[in-house]
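Let me begin by presenting the structure, written as structure tokens, before commenting on it.
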Amino acid sequence: MIATWAFCILITATLLWSPYVAFGFPNRSLHLVLDSIDGFVALLVAYLLYNRFVRRRRLQDWLLCEALVLLGIAGLIVTYLVEDVAGIRDGRLNVWVPLTVRVIGAVLVLAAALAGDRIGPRRLRHWSLAAPVLLIVVVAAAGWAASGVLPVALGEDFSAHSAVAPVLAGHPLLLVGQAIAACSFLVASILVARQVTRRNDELLRWLAPAATLAGFARLNYLLYPSLYTDWLYTGDVLRTASYVLLLVGALRELRLYWIAQTQVAVVEDRRRLARELHDGVMQELAYIRVESAMLPDETASKQQITDAAVRALHEARSAVNALGSVDDEPLGYVLHRAARELTARYDVRLEVDVDDSIAVDGDQRHALVRIMREAVVNAVRHGGARLVRVRLVATDGERRLTIADDGTGFEVDAGAASGGYGLVSMRDRAKGLPGSIRIESAPGGGSTVTVTW
């Protein structure tokens with residue numbers, strides 16, 4: 001993160017004050033190639049973020065998804081439709097519409113950085129594509145309706161001499177828009193970098209330097225307004241570099257995801273084999289042992305057959321135990337499995353958001369799962385809850401498991417005074433982590449159980 005800021009500052013300062021460095025040349029084809037690469041990468045990462053939102057329901061993922069859809073469509077479709085299909089290149093509609101869309105996208109990136117770990121409503125998933133498309137249609141329609149009175153954003157006098165010295169050319173609103181986008185990206189990069197220190201999130205780790213490059217790209221567009229011309233400048237290279245970093249982050253997250261899925265598949269297969277051994281081989285061996293014991297005593301080899309059946313049954317039982325118990329199961333996987341079992345048993349809707357990178361030992365994993373089970377069962381049986389949210393996060397060097405429900409709630413002091421075994425058990429398990437537990441509830445307000453260790 002710091003290295004990215006230093007690199008961008010060095011590049012920008014060199015272009016500003018060195019008379020010997022000039023980077024700028026007219027090449028519309030290469031400009032379109034970079035626009036296409038940026039757009040495709042933006043839409044690919046947006047799809048990944050959409051699936052993250054479906055799984056975790058973090059508002060941050062949804063806002064980033066919307067921002068990248070806007071940025072991707074602005075480069076892939078809007079500019080192409082206006083300039084190449086409609087043939088409008090008068091510095092009005094072909095500049096103001098993409099500029100407006102890109103500025104909104106940059107502001108959404110900042111909003112995502114501010115959102116942090118907040119949970120978004122489930123219905124947002126239905127607007128993931130409709131919202132940005134509708135916004136672009138509205139902006140394009142408004143621009144078309146006002147095309148007769150729109151000022152010229154960037155005149156035709158933008159020429160090669162700006163490759164040597166910065167040119168603050170263009171309408172003041174064009175410069176303001178680029179400044180707003182630059183500030184949004186740069187502030188977002190700082191906020192995201194701070195969040196990465198508290199959350200082990202591979203995509204966010206790469207988003208911070210990518211936002212830095214995007215912010216300095218807009219700063220270069222402010223000094224060298226090449227984005228809406230056929231000229232290729234430093235800003236275009238910095239912008240493409242930011243999308244390359246996003247692509248690297250997305251690929252690394254996909255790699256971690258498939259590694260986790262492979263581990264889950266291995267665990268599930270081991271459990272399936274354990275069930276098959278238990279329900280098939282062990283049942284037959286038990287039958288052989290019982291039947292051999294009922295043979296007449298004078299039967300030849302009776303004792304040998306019985307002993308062999310006992311030994312085979314013991315070996316099969318050991319194999320079942322070895323296959324069925326996995327000591328290094330990730331905590332996130334165990335919580336998801338327990339949540340599925342509770343959902344099927346109690347007909348309650350569970351939303352699980354866990355940080356799969358959090359590692360615990362076997363005793364801690366068992367205690368946390370038992371606490372989660374106890375909290376969910378209490379919420380359903382005593383509070384009539386229909387929705388329970390389970391979250392596992394790591395913040396500020398602490399790991400935190402939170403179970404919140406929408407039930408009727410209860411008086412915490414009265415529950416503690418009654419000496420209920422469930423509450424006592426959860427407190428004892430939390431203390432043994434070692435850690436602490438906090439129970440918050442009020443009549444009619446649901447309950448929240450937070451374990452910190």
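All figures in this text were calculated on a predicted structure; none of them were measured in a lab. The chain is numbered in sequence order, starting from 1.
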> Taking it one step at a time, do V393 and V354 satisfy side-chain contact (heavy atoms from CB on, under 4.5 Å)?
Replying inline: CA-CA 6 Å; V393 297; V354 299; over 6 Å; no
> Should R58 and D353 be marked as a side-chain contact (heavy atoms from CB on, under 4.5 Å) after you check the CA-CA gap, both sets of side-chain angles, and the distance that decides it?
Replying inline: CA-CA 9 Å; R58 284 179 181 164; D353 176 16; 3.3 Å; yes
> Donor-acceptor pair, Q60 side chain versus A115 backbone, under 3.5 Å?
Replying inline: no
>> Just so I know, are the side chains of L335 and V369 near enough to count as touching, which here means a heavy-atom distance under 4.5 Å?
In response: yes
> Under a 4.5 Å cut-off applied to non-hydrogen side-chain atoms, are L191 and L110 in contact?
Replying inline: yes
> Does D406 reach the main-chain N or O of L387 with its side chain, forming a donor-acceptor pair under 3.5 Å?
Replying inline: yes
> Is any side-chain heavy atom of F185 less than 4.5 Å from a side-chain heavy atom of L219?
Replying inline: no
>> For G120, is there any backbone N or O sitting under 3.5 Å from a side-chain donor or acceptor partner on R57?
In response: yes
>> Using modelled atom types and a 3.5 Å cut-off, is there a donor and acceptor pairing between side-chain atoms of S441 and backbone atoms of G446?
In response: yes
> Is any side-chain heavy atom of L401 less than 4.5 Å from a side-chain heavy atom of W453?
Replying inline: yes
> Side chains of L207 and L246: closer than 4.5 Å at any heavy-atom pair?
Replying inline: yes
> Is the closest side-chain heavy-atom distance between I73 and I136 below 4.5 Å?
Replying inline: yes
>> Less than 4.5 Å apart, side chain to side chain, heavy atoms only: is that true for L70 and R102?
In response: no
>> As a quick check of understanding, evaluate side-chain contact (heavy atoms from CB on, under 4.5 Å) for T402 and V390, giving each step before the final call.
In response: CA-CA 6 Å; T402 305; V390 179; over 6 Å; no
>> With a sphere of 6.0 Å drawn around CZ of R255, does it hold more than 12 non-hydrogen atoms of other residues, nucleotides or ligands?
In response: no
>> Can you confirm whether R118 is buried at CZ, in the sense that more than 12 heavy atoms of other residues, nucleotides or ligands lie under 6.0 Å from that atom?
In response: no
> Pairs in or reaching into residues 125-140: which pass side chain to side chain donor-acceptor pair (under 3.5 Å), with residues at least two apart or in two chains?
Replying inline: W62-S128
>> Could you check whether any side-chain heavy atom of L173 comes within less than 4.5 Å of a side-chain heavy atom of W96, counting everything from C-beta outward?
In response: yes
>> One pair to check against side-chain contact (heavy atoms from CB on, under 4.5 Å): L124 and L59. What are the steps and the verdict?
In response: CA-CA 9 Å; L124 285 179; L59 182 60; 3.8 Å; yes
> Can you check whether A131's main-chain N or O pairs, donor with acceptor, with E66's side chain at less than 3.5 Å?
Replying inline: no
>> Give me each pair satisfying salt bridge (charged side-chain N to carboxylate O under 4.0 Å, His left out) with a member in residues 38-54, each pair once, sequence neighbours excluded.
In response: D38-R239, R52-D61, R52-D201, R52-E253
> Of all heavy-atom pairs between L238 and A217, which one has the smallest distance, and what is that distance?
Replying inline: CB-CB, 3.9 Å
